[in-house]
Amino acid sequence: MGTDLKPLIKAKEIKLESLAGKVIAIDAYNALYQFLATIRGYTGEPLMDAHGRVTSHLSGLFYRSVNLLAAGIKPVYVFDGKPPALKHAELESRRRSKEEALAKYEEALQEGRFEDARKYAQATSMLKDYMLNDAKTLLTLMGIPYVEAPSEGEATAAYLTIIGLAYATASQDYDSLLFGSRRLVRNLTISGRRKLPNKNVYVDVNPEIIELDELLRDLGISREALVDVAILIGTDFNPEGFKGIGAKKALQLIKKYGRLEDIDVEGLRDELKMVDYNAIREIFLKPEVAEPSNVNIIFKEVDEQGVTRFLCDEHNFSRERVSNAIKRLNEAIRIRGSSLEQWFS
DNA sequence: CATTCTTA
DNA sequence: TAAGAATGG
């Protein structure tokens, strides 16, 4: 879920094309989860192949990646490793709400309330290991690199921007900023349409970028202080946050007192004693990240035969759609005139 | 979510 | 032809 920093952030809308030629480190879990949750049939069932294996995430990953490549963007997907121990409570609560959603889904389905069923089905979404493996296979066949993070994917993605291997991170969550990402791109989409939660209304959504340096300057605080603000709001590592404190109040408090241990507010001071905020700070400020020597960001040509075999033969995608997409991509590459030399190096 | 089909 | 609805797997 991440930290709700939104009220503190003013993002700049950008055109997708402005990212042409840039390496973007994409939070794989975030992207795949979004695909899995939203790409569903009328009654909420995910797309599946003839063997009943879920393919929603592959559909999203394939078409979006084609579009990013066609726009000249170089995506690098960063996969999660082992979650920090402090994340257990958050993961457990996610597991529980999925369980509850499953019960509601079955009930709604039984009663023919398909719109509800769809909503609850989305909330049951779980990325299984085989789905992650299928996603990695597809990326390899598409010539798109990915990185295995030792722990939080957002942390390694952020690190890639810090060491100059990526221009920005891409995620819907703000946590990569806490991990020090120099730039965060949200809404890295093509269609620019998103359904409002619980409503049958669609709104235009454009990609937006947040520059960490600018954000810190605007807020008038350091990254260390921003992490303290996040802890007050509530992070994946202290999901409760603190009673009555949202983004605005958290910022006020840190601007006034500087850091968590100096907050002099009746009640809150005692609540803070119950939280190991130093451990949380450490996760954000000194995260476990991939070794640069283990990061190979190499783009290759799309293996059209391989992609077709994998998506169409193994997973029952339409040959026509897949070949059209690859044709579009090749045409875009041709028009851009990017020689394979400069592109794939 | 992204693409394709339908509709007016 | 452009917006909205349906479909994809």
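Here is the naming used below: chain letters follow the sequence lines, and residue numbers restart at 1 for every chain.
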[X] [atom1] to [N] [atom2]: how many Å, rounded?
| X | N | atom1 | atom2 | answer |
| --- | --- | --- | --- | --- |
| A:Arg64 | B:dT3 | CZ | C1' | 14 Å |
| A:Arg321 | C:dG8 | CZ | P | 7 Å |
| A:Gln122 | B:dC1 | CD | P | 9 Å |
| A:Phe62 | C:dT7 | CZ | P | 22 Å |
| A:Leu58 | B:dA2 | CG | C1' | 14 Å |
| A:His57 | C:dG8 | NE2 | P | 19 Å |
| A:Gln34 | B:dC1 | CD | P | 7 Å |
| A:Glu320 | B:dT4 | CD | P | 8 Å |

* From B:dT4, C:dG9, B:dC1, pick the nucleotide closest to the side chain of A:Arg118? ->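 The nucleotide sitting nearest to the side chain is B:dC1.
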* Asked: From B:dT4, B:dC1, C:dG9, pick the nucleotide closest to the side chain of A:Phe35?
  -> B:dC1
* Asked: Looking at A:Phe79 versus A:Tyr29, is the centre-to-centre ring distance below 6.0 Å?
  -> no
State whether [X] and [Y] are salt-bridged, where the test is any N-O pair (Lys NZ or Arg NE/NH1/NH2 against Asp/Glu carboxylate O) under 4.0 Å.
| X | Y | result |
| --- | --- | --- |
| A:Glu17 | A:Lys15 | no |
| A:Asp236 | A:Arg94 | yes |
| A:Glu100 | A:Lys104 | no |
| A:Arg334 | A:Glu331 | yes |

Taking any heavy-atom pair under 4.0 Å as a contact, classify [X]: base, sugar-phosphate, or nothing.
| X | value |
| --- | --- |
| A:Glu45 | base |
| A:Arg40 | base |
| A:Ser56 | nothing |

* To do: Look at the side-chain N and O atoms of A:Asn67 and state whether any lies under 4.0 Å from the OP1 or OP2 oxygen of B:dT3.
  =>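 Affirmative; the distance criterion is met.
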